[in-house]
Student: 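I have a structure here, written as C-alpha cells, and I will follow up with some questions on it.
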Amino acid sequence: MSNAQQVAPPSQDKNLSQQANTLLSKARVSEKNSLQLRIEWANKALQLSENFEDLTINAQAHFLLGKLTSQALDNDATQQHFLKASKIYQQLNDTENYVLSYAGFINALIESKQFTQADTAIKKLVPAAFQHGEALPIGIILNARGDSYYEQNKYDLAIVQYLMAVEYLTGDDASTQRLNGRILVKIAQAYKRLKAREKTAEYYQKALAVFTDLNDTRSMARTLNTLAEAERYLGHLVLALDFALRSLSLHNQIDDADGQAKALMGAGIIYRHIGRYEQSLKLILQAHKYYKQINDATGIAKTSNQIGHIYFRLEQFDQAHSFFMLTISLAENNVAPKTLATALRESAIIDWSKGNYTSALELAQKADTIYRESGDREMQSVTQRILANVYRDQNNLSKAHFHYQASLSLATEISSEFYQVKTLIPFAAMLIETNIEEAIDRLKTSLTLSLKNGYKDYTLESYRYLRLAEKSRGNIAASLEYAEKEIALTELIQEDINNNELALEKAKLHSLRLEIELETLREKTKLDKLELARKNNEIEIAQQSNEIAELQLIKNRYASVALALALAVCLILVVLTYRRFVVSTKENQELDYLATRDPLTNCFNRRVLFDSMERDFAKSPLPVEYCVLMIDIDHFKAINDNYGHTIGDSVLCNVANTLQNCVRQDDVVARFGGEEFCILLPNTISQQALHIAETMRKAVQDSRFESIEVTCSVGVTSIRFKAQTPSELIVQADLALFESKSLGRNKVTLWNESLAEAQDPVRKS
C-alpha cells in the first residue's frame with residue numbers, strides 16, 4: 001500500500017524515535033484523555049521528529065495534528081498541519097498518504113468556506129488519486145469534491161460525487177465502512193435539502209444498515225433520529241415514532257447528551273403530530289432544559305419554537321407567544337436565521353389573530369427580511385401573505401393588494417401550487433367587494449389548482465367564495481351549482497376527518513405499545529445486570545439464577561398479557577367511542593336544528609336571531625359593516641281571510657323559502673313573528689343590503705304562491721347609523737319597513753334620521 005522510504009535516524013537517536021512513536025500511539029488511541037492533552041503529545045512527537053530529522057514520523061505527527069485540531073475547531077492549524085503532511089508524503093513518494101493528507105487540507109478549506117482554493121486543490125489532487133489507482137484515496141477525494149458542492153448549495157452535483165465515492169469505498173475494514181456510512185448520511189441530507197423525501201429516507205436507511213453492521217451505537221442512534229424525521233415528512237407517523245423511540249433507547253445506553261437532546265426533540269415533534277401533546281411537551285422540555293444548562297442558544301431557540309408550536313396547537317396562544325418571543329430575545333448571532341424567522345413569523349400570526357396589527361406587521365416584516373436575504377422565496381411568499389392579511393384587516397386594501405400579488409408572484413416563481421392556492425383564496429375574497437370579475441378569475445384558478453392537487457379543504461373554500469361571488473353579481477344559477485358542489489365536498493371532507501381521527505387513535509395506541517416495549521427493554525437491561533453480577537459472584541450464583549428466571553418468566557407473562565389486554569381494550573373503546581360519537585353527533589345535530597328553527601317556515605327562530613346579534617354586538621370593536629332587513633308580507637291578513645289559514649301557511653312557507661334563496665351562507669333569515677321576517681347581513685354595506693332587499697322584493701313579486709300574487713315591503717338599516725344595541729338596530733329597520741308600507745307597500749326603504757321622528761308606528765296588514 002505505501003511506498004514510504006523512511007529516513008533512518010542515527011543510532012544515537014533511536015531512543016528519541018521510540019519516544020516519538022510512543023507519544024503518537026498515545027495521541028491516536030487515548031480517546032478517553034482530553035483533546036488538549038492528545039494535541040500536546042502529538043506536538044511533542046513532532047518536535048522530537050524534527051530533532052532527529054525523521055520525515056516519516058514528522059509527516060505522521062502533522063497528519064494526526066491535522067485531525068486533532070480539526071476536532072478542536074482550530075481551522076487555521078488544521079490547514080497548516082495537513083498541508084505540511086501532504087508535502088512531506090509527496091517528498092517521500094507515498095502517494096496514498098499524500099492524497100489522504102491533501103484531502104484533509106481540502107476539507108479544512110471547505111470548512112472555512114474557501115471554495116475557490118478548495119476547487120483548485122481538488123483539481124490538483126484528482127489526477128494523483130486516479131493515477132495511484134487505489135480505491136480509498138479516490139473515494140476520499142470524490143467525497144471532498146461532494147462536500148465542496150454541498151457547502152455551496154449545489155446539492156445535485158454533491159449527490160453525484162458522493163455516489164461515485166461510495167462506489168469506490170467498498171473495503172470491508174471498519175474505517176472504510178464508517179466513512180461509507182457518513183457519506184450515505186450526507187447523500188440523505190442533500191436529498192433533504194432538495195425536498196426529495198423518499199430518497200432522503202432511503203439513504204438514511206442505507207446509512208443505518210452500515211452503522212448497524214459496525215455496531216456503531218452512537219451513529220445508529222443519531223441516524224435513527226434523522227430517519228424518524230424523514231419518515232415524519234412522508235406522513236408515516238407510526239414508523240417515524242418507532243425509529244424515534246429506538247433512537248432514544250440507544251441514547252440511554254451511551255454518553256451523547258447532545259444527540260439525546262436532538263432525539264428528545266425529534267420524538268416530541270412526532271408526538272405533537274399524532275396529537276399526544278402532553279408527551280410531546282414533556283420530551284421537548286427535557287431537551288430545552290439540557291440546552292439551557294449548557295447555554296446553547298441554537299438549541300434553546302429550536303426547542304422554544306417547538307414548545308411554541310405545541311401551545312399553538314393547544315390554542316394556548318399567550319403561552320405559545322411567550323416561547324416564540326424567547327427565541328426572538330436571544331442574540332441574533334447565536335440563532336440560525338431560519339429559526340429566528342420562524343419565531344417572528346409565528347408570533348406575527350398570533351398578534352394578527354388577536355388584532356395587534358402594529359406588532360404583527362413589525363414581526364412579519366422582520367421575518368420577511370430574513371427570508372429575502374437568505375433567498376428562501378417559499379417562506380417569503382408566506383410572510384408576504386401574512387402582511388397582506390394584516391393590511392386587509394386594517395382596511396388598507398391597496399397595500400393588501402400589493403402584498404397578495406407579491407406572495408402570489410413568489411409562489412408562482414418557485415412553482416409552488418400549494419402556496420399559490422393559499423394566496424389566491426384570501427386575495428380573491430378581498431376583491432369580491434371591489435372587483436368581482438378579477439375575484440372570480442382568481443377563484444377559478446385556485447379551484448383548478450386545488451382539484452389538480454387534491455387539496456380538498458381549499459377546493460371547498462374556492463367553491464364557497466365562488467358561490468358568494470356569483471350570488472353577489474346576481475348569477476343565481478351558477479351560485480346554486482357551486483353550493484351543490486360545496487355540500488357534496490363537505491360530506492367527503494367530514495368522512496376524511498373521521499378516518500384521520502381513527503388513524504390518529506391507532507397511532508396513539510401504537511405509541512403506547514412502543515413505550516411498553518421500551519419499558520420492557522429497560523427491565524431486560526436490569527435483568528442483564530443481575531445476570532452479570534451473578535457470574536461475578538460464584539457464591540450467590542444459584543440464588544441469583546433463580547431470581548433471574550422467575551423475573552424473566554413473570555415479566556414475559558405479565559407484559560404479554562397486559563399488552564394484549566391493553567391493546568384489545570383500547571381498540572374496543574376506540575370503536576365504541578367512535579360509534580357513540582357518530583350517533584351522538586347526529587342526535588345533537590337534530591336537536592340543535594329543532595331548537596333553532598321555526599317549525600313552520602324552517603327559518604331560524606327569534607332566539608337564534610337575538611343570540612346572533614348579541615354575539616356580534618359583544619365584539620370589540622363593533623363590526624364596521626353590518627345590516628338588518630325587516631320584511632313584511634303585504635296584506636297577509638286578507639290572504640288568511642279569503643283563502644284560509646292552510647293556504648296562508650303555505651304562502652308563508654314559500655315566501656320564507658324565496659328569501660332564504662336570496663341570501664349568502666353567513667346571513668341569518670329568521671321569522672320575527674306572524675308574517676314578518678328579520679334578516680341579518682354581516683360584513684355588508686348598506687348599498688349591498690339595498691341590492692339584496694330589492695332582489696328579495698322582486699323575487700317575491702315575480703313568484704306565484706298557491707296561484708296567489710304576493711308582494712312584500714322591506715325596511716333596511718346599517719350599523720353605520722349609530723345603533724348601539726341589537727334592539728336599536730331592529731327598531732331602525734322596523735321604522736324603515738313602516739315607511740315602505742306607508743308609501744304604498746311593495747317597496748324597499750333605507751332608514752334615515754327623519755324616520756326616527758315617527759312615534760310608535762302601527763304596522764298595516
Side-chain angles (χ1 to χ4, degrees), residues 35 70-73 111 151 182 185-186 188-189 192-193 204 217-230 232-233 240-241 243-273 276-314 319-347 363 366-367 370-371 374 376 379:
L35 183 59
S70 175
Q71 294 177 39
L73 305 179
E111 185 68 27
E151 291 299 325
R182 290 171 182 167
V185 167
K186 288 189 282 190
Q189 291 171 336
K192 177 182 175 181
R193 298 297 185 275
Y204 276 135
T217 306
R218 184 177 185 275
S219 297
M220 287 168 61
R222 290 195 166 213
T223 306
L224 278 165
N225 184 43
T226 51
L227 178 56
E229 180 189 47
R232 172 172 63 81
Y233 276 119
L241 185 60
F243 288 136
L245 293 181
R246 283 172 59 190
S247 174
L248 280 175
S249 178
L250 288 176
H251 275 298
N252 287 332
Q253 303 172 28
I254 59 176
D255 183 15
D256 181 16
D258 188 65
Q260 185 174 32
K262 291 177 180 177
L264 286 165
M265 185 160 63
I269 293 171
I270 296 168
Y271 273 121
R272 188 187 84 214
H273 279 272
R276 291 192 61 192
Y277 300 121
E278 183 178 351
Q279 184 69 3
S280 174
L281 195 58
K282 175 184 175 183
L283 295 177
I284 296 178
L285 280 171
Q286 289 182 45
H288 186 70
K289 181 179 179 182
Y290 163 75
Y291 288 126
K292 289 184 72 174
Q293 286 174 345
I294 65 171
N295 197 27
D296 183 337
T298 299
I300 294 170
K302 287 183 176 180
T303 49
S304 294
N305 281 2
Q306 291 302 328
I307 295 168
H309 288 314
I310 296 169
Y311 280 122
F312 194 96
R313 289 281 187 91
L314 292 170
Q319 287 277 50
H321 194 272
S322 66
F323 276 96
F324 288 130
M325 292 306 294
L326 175 58
T327 297
I328 295 169
S329 68
L330 296 168
E332 287 191 17
N333 58 340
N334 291 329
V335 179
K338 182 179 178 181
T339 304
L340 176 59
T342 298
L344 290 164
R345 185 189 73 229
E346 296 301 310
S347 295
L363 293 167
K366 287 181 179 178
I370 294 173
Y371 290 134
S374 65
D376 191 339
M379 286 296 101

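Note that the coordinates shown come from a computational prediction; the quantities given were computed from them, not determined experimentally.
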Student: Check the pair Leu250, Arg222 against side-chain contact (heavy atoms from CB on, under 4.5 Å), reporting the backbone distance first and the verdict last.
Tutor: CA-CA 9 Å; Leu250 288 176; Arg222 290 195 166 213; over 6 Å; no

Student: Within the structure provided, determine whether Tyr290 and Asp258 are in side-chain contact (heavy-atom separation under 4.5 Å).
Tutor: yes

Student: Which pairs of donor and acceptor atoms, one on a side chain in residues 297-312, lie under 3.5 Å apart (sequence neighbours left out)?
Tutor:
| residue | atom | partner | partner atom | Å |
| --- | --- | --- | --- | --- |
| Thr298 | OG1 | Asn334 | O | 3.2 |
| Thr303 | OG1 | His288 | ND1 | 2.8 |
| Thr303 | OG1 | Gly299 | O | 2.8 |
| Thr303 | OG1 | Ile300 | O | 3.1 |
| Ser304 | OG | Ile300 | O | 2.7 |
| Asn305 | OD1 | Thr327 | OG1 | 2.9 |
| Asn305 | ND2 | Thr339 | O | 3.0 |
| Gln306 | OE1 | Arg272 | NH1 | 2.7 |

Student: Could you pull out the closest heavy-atom pair between Ala244 and Ala228, with the gap in Å?
Tutor: N-CB, 3.7 Å

Student: Kindly indicate whether the side chain of Ile328, heavy atoms from C-beta on, has any atom under 4.5 Å from the side chain of Lys366.
Tutor: no

Student: Within a strict 4.5 Å, meaning less than it, do heavy atoms of the Glu229 and Met265 side chains meet?
Tutor: no

Student: Kindly give the heavy-atom pair with the smallest separation between Leu340 and Val335, and that separation in Å.
Tutor: N-CG1, 3.9 Å

Student: When you look at CD of Glu278, are more than 12 heavy atoms from neighbouring residues, nucleotides or ligands closer to it than 6.0 Å?
Tutor: no

Student: Please enumerate all residues that pass side-chain hydrogen bond (donor to acceptor under 3.5 Å, both in side chains) together with Tyr204, with sequence neighbours excluded.
Tutor: none

Student: Look up atom CG in Leu264 and atom NZ in Lys289, then write down how far apart they are to the nearest 0.5 Å.
Tutor: 12.0 Å

Student: Mind listing the closest non-hydrogen atom pair of Leu224 and Ser247 along with its distance?
Tutor: CB-CB, 3.8 Å

Student: A side-chain contact here means heavy atoms from C-beta on lying under 4.5 Å apart; do Thr342 and Arg345 qualify?
Tutor: yes

Student: Answer yes or no: is there a side-chain heavy-atom contact under 4.5 Å between Ile254 and His251?
Tutor: yes

Student: Could you tell me the separation between the NZ atom of Lys192 and the CD atom of Gln189, rounded to the nearest 0.5 Å?
Tutor: 7.5 Å

Student: So does Glu111 have more than 12 non-hydrogen atoms from other groups sitting under 6.0 Å from CD?
Tutor: no

Student: Hey, is the main chain of Ala221 close enough, under 3.5 Å, to the side chain of Asn225 for a donor-acceptor pair?
Tutor: no

Student: Determine whether a donor-acceptor pair (N or O, by modelled atom type, separation under 3.5 Å) exists between the side chain of Ser329 and the backbone of Leu326.
Tutor: yes

Student: Identify, with sequence neighbours excluded, every residue that meets salt bridge (charged side-chain N to carboxylate O under 4.0 Å, His left out) alongside Asp296.
Tutor: none

Student: Donor-acceptor pair, Thr226 side chain versus Thr223 backbone, under 3.5 Å?
Tutor: yes

Student: Do Met325 and Ser347 come close enough that some side-chain heavy atom pair is under 4.5 Å?
Tutor: yes

Student: How long is the gap from CG on Asp256 to NZ on Lys262, to the nearest 0.5 Å?
Tutor: 8.5 Å

Student: How long is the straight-line distance from CD1 of Ile284 back to CD1 of Ile269, given to the nearest 0.5 Å?
Tutor: 5.5 Å

Student: When rounded to the nearest 0.5 angstrom, what is the spacing between CD in Gln286 and NZ in Lys282?
Tutor: 6.5 Å

